[in-house]
Amino acid sequence: MTDDRYERGLEKFREVDGKGGQKAVDDLEELVPEIGRYLIEYPFGDIYSRPGLDLRTRELSAISALTAMGDCEPQLRVHIHAALNLGCSRQEVVEVILQMSVYAGFPKSINAMYAAKDVFEKRSSSGKE
């Protein structure tokens with residue numbers, strides 16, 4: 001069963017995060033080898049693979065949660081990239097972050113906007129958008 005979770009999760013992980021996500025996992029695995037398996041099996045093998053929400057909605061939800069939490073900029077950047085990889089528009093990302101200003105406060109929303117701006121600029125300069 002565990003191998004099914006891992007294989008299902010790895011497929012979903014690659015669909016969502018692509019090469020950028022794999023680098024993050026590889027960097028963490030140098031410190032804690034098991035963390036890559038945990039990251040693949042639970043979030044992607046169990047949660048992202050569930051029916052009920054499409055991947056775009058899941059990524060926009062992740063962006064809103066990470067914005068509201070604050071202090072999660074590296075993860076927020078990964079999920080902004082993932083949302084764009086899945087076809088979300090820059091405007092959708094911005095609107096979700098702006099919506100969080102009502103619930104999480106302006107400072108957290110502004111910090112998330114700066115992260116989004118940086119992601120947008122990096123993607124533009126690399127020819128991704």
For the atom pair [atom1] ([X]) and [atom2] ([Y]), what is the distance rounded to the nearest 0.5 Å?
| X | Y | atom1 | atom2 | answer |
| --- | --- | --- | --- | --- |
| E73 | Q75 | CD | CD | 9.5 Å |
| R37 | R5 | CZ | CZ | 9.0 Å |
| I97 | I110 | CD1 | CD1 | 12.0 Å |
| L10 | D3 | CG | CG | 11.5 Å |
| L76 | K108 | CG | NZ | 12.5 Å |
| D4 | E41 | CG | CD | 10.5 Å |

Check whether [X] and [Y] end up in the same hydrophobic cluster, where Ile, Leu, Val, Met, Phe, Trp and Tyr are linked by side-chain heavy atoms less than 4.5 Å apart.
| X | Y | value |
| --- | --- | --- |
| I80 | M69 | yes |
| L55 | L39 | yes |
| L66 | I63 | yes |

Revision key, fill the gap. From the list M113, K117, Q99, side chain to side chain contact (heavy atoms under 4.5 Å, CB included) partner of V94 resolves to M113

Determine the minimum heavy-atom distance between [X] and [Y], stating which atoms define it.
| X | Y | answer |
| --- | --- | --- |
| S109 | L98 | OG-CA, 3.9 Å |
| R8 | G45 | NE-O, 2.6 Å |
| G87 | E92 | O-OE1, 4.3 Å |
| V119 | L84 | CG1-CD1, 4.2 Å |
| Y6 | I40 | O-CG2, 3.4 Å |
| R56 | C88 | NH2-CA, 3.5 Å |

Exercise for review: Answer yes when D46 and R50 have at least one side-chain N-carboxylate O distance shorter than 4.0 Å, and no when they do not.
Suggested key: no

Exercise for review: Taking only Lys NZ, Arg NE, NH1 and NH2, and the carboxylate oxygens of Asp or Glu, determine whether R77 and D17 approach each other closer than 4.0 Å.
Suggested key: no

Review point. With distance as the sole criterion, is a donor-acceptor pair present between the side chains of E59 and Y48 under 3.5 Å?
Key: yes

Exercise for review: Carefully, step by step, assess Y38 and V32 under the rule side-chain contact (heavy atoms from CB on, under 4.5 Å).
Suggested key: CA-CA 10 Å; Y38 301 152; V32 181; 5.6 Å; no

Point to revise | Trace of the side-chain contact (heavy atoms from CB on, under 4.5 Å) decision for Y114 with D118 | key: CA-CA 6 Å; Y114 279 117; D118 187 53; over 6 Å; no

Exercise for review: Please test E15 against K12 for salt bridge (Lys or Arg N to Asp or Glu O under 4.0 Å), starting from the C-alpha separation and ending with a verdict.
Suggested key: CA-CA 5 Å; E15 183 180 351; K12 196 62 64 174; 3.6 Å; yes

Practice item. For residues I47 and Y42, determine if any side-chain heavy atom of one lies less than 4.5 Å from a side-chain heavy atom of the other. Key: yes

Study note, to complete from the structure: Applied to residues 66-104, the ring pair (Phe, Tyr, Trp, His ring centres under 6.0 Å) test, sequence neighbours excluded, yields none

Check your understanding: Around atom CD of E11, are there more than 12 heavy atoms of other residues, nucleotides or ligands at under 6.0 Å?
Key -> no

